[in-house]
Undergrad: 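Quick one: the structure is below, questions incoming.
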Amino acid sequence: MATIHVQQADFDLGAETAALTGGRTDIGGIGSFIGVVRGTAGGRDISDMTLEHYPGMTERAMMSIAETAEQRWFLQGCTLIHRVGLLRPGENIVLVLAAAPHRQAALEATAYLIDWLKTRAPFWKKERFSSGEARWVDAREEDDAAAARWGAL
Amino acid sequence: MATIHVQQADFDLGAETAALTGGRTDIGGIGSFIGVVRGTAGGRDISDMTLEHYPGMTERAMMSIAETAEQRWFLQGCTLIHRVGLLRPGENIVLVLAAAPHRQAALEATAYLIDWLKTRAPFWKKERFSSGEARWVDAREEDDAAAARWGAL
Amino acid sequence: MKILYFAWLRERVGLGEEDVTPPADIDTVARLVAWLGARSSGHAAAFAPTPDGRRLVRCAVNQDFAQPNSPVAPGDEIAFFPPVTGG
Amino acid sequence: MKILYFAWLRERVGLGEEDVTPPADIDTVARLVAWLGARSSGHAAAFAPTPDGRRLVRCAVNQDFAQPNSPVAPGDEIAFFPPVTGG
């Protein structure tokens, strides 16, 4: 039931939610998270960001984690969309949707999926500052800690 | 920054999200939860549900809790929409959106707001079964427990 | 004093709203419940405890949640309703 | 053996992908890293530890995350990259 996309194009939150739930009457709640490009990093202005990924491994790993979440929380479906390529501040980066009979499963699965995407999915961000300088973003230890609370991934 | 609506009409998830974030570049993540009318309760088919509320107190209480969440998680904004009147299985009941610089604040605030709406906002559901029989939904103790984890509300 | 009833309390009382003028010694939510319960069989049914003694009715005074010992006064808006089930 | 490089490893090596045929005793990720590091100054820079000795490079063998002692063999697809920063 999982929908997985790695794409340059933006996603449509309403359309993806409708596709996930469309016509069903057994879903009680849909959790979602959208990640957005921020306009500053460490107090410096960002002009844009480039997302690189590992084609093949990315989709395979995303499908695997989506199926794990569906089983762990008895989800009725979930959607993972991650954008790649050049993105500007204010643009969407990532979408997670999780549908379940009850809200706590939907919200926990949403948190799990985004924690996992941050720490185990092969994507890398390169920020370009308004000065023209560019740098690869360092991994954050808080992200590993957030992912670790779910046990072995 | 909070947007509060109590309305019979459905909401548009994409439009509400765009209204919350529109043009800003300081938001890092948007958490959301949508509650949906399920087609069965206790194994019996539901034909529809009627949501009653306490006009005046509802909006006042929703605004108060939204402001509390905005301060506690340093939100950049949040949206609470609760539908009232006659709703059928598969229809949306409630929308929570929370925008923050980082994902954990956005997701925690989303969970807090929906837990609060379930336990402290003056709404009441009456289910009508396909048999024609109708009954007021009983409050769930799990909901009180979920709300209690946030401390005094 | 303006009294509001919601959900199954409204159905049992048979009214969504009524204006009442209780005696001056009816100065808490608990005393008001006892006084209202004597107004009609519908009121009595609405405020009756369950067979296992649980208090099912919740109260708000001037749109804030209140307790049995919360004060009530002339001019207040006082609402009675079951535990909430929205969301 | 197909070797892939991503993010700053790709930039330092100067290649996104290369086909290599290491000797038969290059049978773990750690040995492959040592062998690849000797191919060019770009490779050496890519695989160098930080001044404080942290291992910055992550590896996947046939698209699964791997460890320094994970086996590698002819025909494998082996990718090197920094800790991930998506989401």
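So that the names make sense, note that chain A is the first sequence line, chain B the second, and so on, each numbered from 1. Given the structure is predicted, the values throughout are model-derived calculations rather than measurements.
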Undergrad: Looking at OG1 of A:T25 and CG of B:D45, how far apart are the two atoms once the value is rounded to the nearest 0.5 Å?
TA: 8.0 Å
Undergrad: If you count heavy-atom pairs within less than 4.5 Å of chain A, which of B:H102, B:E108, B:E16 leads?
TA: B:H102
Undergrad: Highest number of heavy-atom pairs under 4.5 Å with chain A: which of B:G28, B:A15, B:G39, B:P101?
TA: B:G28
Undergrad: Could you have a look at A:T110, A:I27, A:V96 and say which one has the most heavy-atom pairs with chain B under 4.5 angstrom?
TA: A:I27
Undergrad: What residue, out of B:G22, B:A146, B:G14, B:S32, has the most heavy-atom pairs lying under 4.5 Å from chain A?
TA: B:S32
Undergrad: Heavy-atom distance under 4.5 Å to chain B: side chain of A:V37, backbone, both or neither?
TA: backbone
Undergrad: For A:R24, is it the side chain, the backbone, both or neither that has a heavy atom under 4.5 Å from a heavy atom of chain B?
TA: backbone
Undergrad: Are the side chains of A:V36 and B:T21 in contact, using a 4.5 Å heavy-atom criterion?
TA: no
Undergrad: Tell me whether B:R140 at atom CZ has more than 12 heavy atoms from other residues, nucleotides or ligands lying less than 6.0 Å away.
TA: yes
Undergrad: What part of B:Q104 lies closer than 4.5 angstrom to a heavy atom of chain A: side chain, backbone, both or neither?
TA: side chain
Undergrad: Which bit of A:I30 comes within less than 4.5 Å of chain B, counting heavy atoms only: side chain, backbone, both or neither?
TA: both
Undergrad: Given A:L107 and B:I114, is the side-chain contact (heavy atoms from CB on, under 4.5 Å) satisfied, shown in steps?
TA: CA-CA 10 Å; A:L107 287 171; B:I114 186 63; 3.8 Å; yes
Undergrad: Under the 3.5 angstrom rule, does the side chain of A:R103 hit a backbone N or O of B:G35 as a donor-acceptor pair?
TA: no
